[in-house]
Amino acid sequence: MGRVFAVILEGKIYSCKHCGTHLALGDDIVSKSFHSRHGKAYLFSKVANVTLGEKEERLMMTGSHIVVDIFCVKCGSIVGWKYETAREKSQKYKEGKSVLERFKISGPDGSNYWVGHGAHFGGSDADDV
Amino acid sequence: MGGVEDDEPPSKRVKVTSLDSRGIPYSLYLRQRGCSLTTDSMARLLATEGDDEVVGSKGIIKKVELVRVIAEALYSLGYSKSGACLEEESGIPFHAPEIDFFMHHILEGQWDESVAVLHKFGVTDETIVKLASLAIFEQKFSELLDDGEIMEALKTLQTEITPLCINYERVRELSSLVLSPKQNLVNGTSSKGSKLESRKKLLDKLRKLLPPTVIVPEKRLVHLVEQALVLQKDACKFHNSSVGKMSLLADHQCGRDHIPTQTLQVLQEHKDEVLVLQFSHNGKYLASSSGDHLVIIWEVMDDGQVLLKHRLYGHQKPVSCISWSPDDNQLLTCGGEELVRRWDVALGECLYIYEKSVLGLVSCAWGPDGKSLFSGVTDKSIIMWDLEGKELECWRGQKTLRNADLGITSITKELITVCKETVVLLFGWESKSERFIEEDQIITSFSLSEDGKFLLLSLWNEELHLWNIDGCPRLVSKYKGHKRSRFILQSCFGGLDHAFISSGSEDSQVYIWHRLSGELILTLAGHTGAVNCVSWNPTNPHMLASASDDRTIRIWGLNQVNANYNGRHSNGVHHCNGGS
């Protein structure tokens, strides 16, 4: 592929597990209590270096949302999803924010996360209670 | 100048023509000012002006003005008989006879008479009358001095020039001339033969000073026609060849056949995706780089064929930055946060390697003097070296980013680079001045026009923004339509007078926009992979090169369908548009 454009972040960086592309900063974590099929997931106020998939309506643990899958701009692996619209008023705060699956990213200290640590089969989403 | 005053509410003004905004009918102009009509001939002029007859399908051209302008054209072409005939036949005086008397007085040096007639024109803008009178008296003063009539000159200065009270500085200057008449600065001449010349110059000056309703500006019709031609040329979206003198007989409109639309060659020497390419300043060479770490120098032959000249081996990473030396004899390349190599174009050999220990070099650019080079570094600084590798300067602080291009302007001596995601820095490396351009989207790449006055930014949100950086940076236009979501796509300026903007796209096409209007005029299909970079030949407006992920370079040229062409040879393969 051509020259991929990726911004370079500074700070506590969460990056794509496969290719190392910077995806988000620790400062932008809104909540660590989210879940995906592969286990833990974090809600970030903003992420970088992702491309967006098609809009889809999905029924999540907290209700129906319109989301788009997000993919690493360099290697194309799916890393999470972004909330476009939330049907429930109480979930509106998620709009515009993105969830990165912990299984797909390397943490700031390079740490990785393996499926099995509290994997939540059958449900994605959550919020702070 | 006189005519309509700016502080008058628009509703009171007469509806004006779109071509000459000062041309309100003289009669109405006078009526608004509450002036009384003066002489019979002036009255005759006004009577015809009261005639609101219009000419042309849009009803915006006043017949009286059109005839006056045509009369002026005839007179200035030297056809005075025809001019007089037109005035007679149409009954529309070119200008009031007072003007003729006025011009006669000026050329004969009858100053007091000319000033007297001046006041009869009915120009109510006091300033204009004063300025005109002043010009006449200055001429009188100057000629008196030349003739040695010092006392008379002084009298003019005191009684006629000074009371006009316009410019005290000027009065002082003129006084000093009395003391040293040899430095006659008023019109710089002192021989008798050129007295007439200087009077003619005064007349020209007065013609420009007086409102156009009183005296039609010289060569007005020619000026209007030129305006129309320029507008036609600017509106011609495909204009890409010098058409010589434009014709008045039909509107100017180029067809698409002057823009490169057809693939003339497909260059297949690279073994991996072609990332970057650039023509040399003289348009004789093309340099390209690829994911296979190779840089290739191609030569553009006289018949337009592009042939491989050198393969440059050495880089261990794909080259992302190519810079031709000002004389096109050498090339700088760098990529992959590695090092910078300098090559000899004729021999195809590496002459020097520039490195910064521990750190990597991310971009490179030749200094305009050809004796220095600049490079962005992974620690965000910028280095300047001489050709022998001696580090001349190093500017630290957040000057550049690791994925940023480096541009350079020779006239303003600025380095141009992206210093923050949405900010471009224009750094004067000698003056240490810093200017910034801020966008609200991430900047992925940019391109500079050859004259260094325009900057084309390629943004994250699939828009190209054109900025004028000559003076205070201002956004000029936006171009949209291409696809960009993952890659760095290089765009470029091109065509005759840089009339076009071109960019690659992730949908495998080359996009071409008309620069002035912002309109997308062409998309060129043919590549089977994302087009990463485009470069338009600076000396041949009909040649465009594109680099693609499909591992090929396409050379685009004019549509050859009707042209007489024999087969093509070797390197390139002759393709039709869209062929594989």
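Keep in mind that the numbers below use all heavy atoms, side chains included, and drop hydrogens, waters and symmetry copies. Each chain gets a letter, A, B and so on, in the order its sequence line appears, and its residues count up from 1. Here the structure is a predicted model, which is why all the values come from computation and not from measurement.
Among B:T444, B:D272, B:L401, the residue with the largest count of heavy-atom pairs under 4.5 Å with chain A is B:T444. In terms of non-hydrogen atom pairs under 4.5 Å with chain B, the most contact-rich of A:V4, A:V50, A:N49 is A:V4. Here B:E273 is the residue among B:E421, B:Q490, B:E273 with the most heavy-atom pairs under 4.5 Å with chain A.
For NZ of B:K420, the number of neighbouring non-hydrogen atoms (other residues, nucleotides, ligands) closer than 6.0 Å is 12 at most. Crowding of A:K92 atom NZ: a count of heavy atoms from other residues, nucleotides or ligands under 6.0 Å exceeding 12.
In this structure, chain A has no heavy atom under 4.5 Å from any part of B:V274. Using a 4.5 Å cut-off between heavy atoms, B:I442 contacts chain A through its side chain alone, with no backbone atom that close. Contacts between B:E506 and chain A at a heavy-atom distance below 4.5 Å are absent for every atom of the residue.
Taking OG from B:S485 and CZ from A:F71, the interatomic distance works out to 11.5 Å, rounded to the nearest 0.5 Å.
Side-chain atoms of B:R486 and A:T51, non-hydrogen and from C-beta on, do get closer than 4.5 Å to each other.
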Criterion side-chain contact (heavy atoms from CB on, under 4.5 Å) on A:R3 and B:N403, from CA distance to verdict: CA-CA 10 Å; A:R3 294 162 61 202; B:N403 51 11; over 6 Å; no
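Nearest heavy-atom pair across A:F5 and B:I488 is CB-CG1, 3.5 Å.
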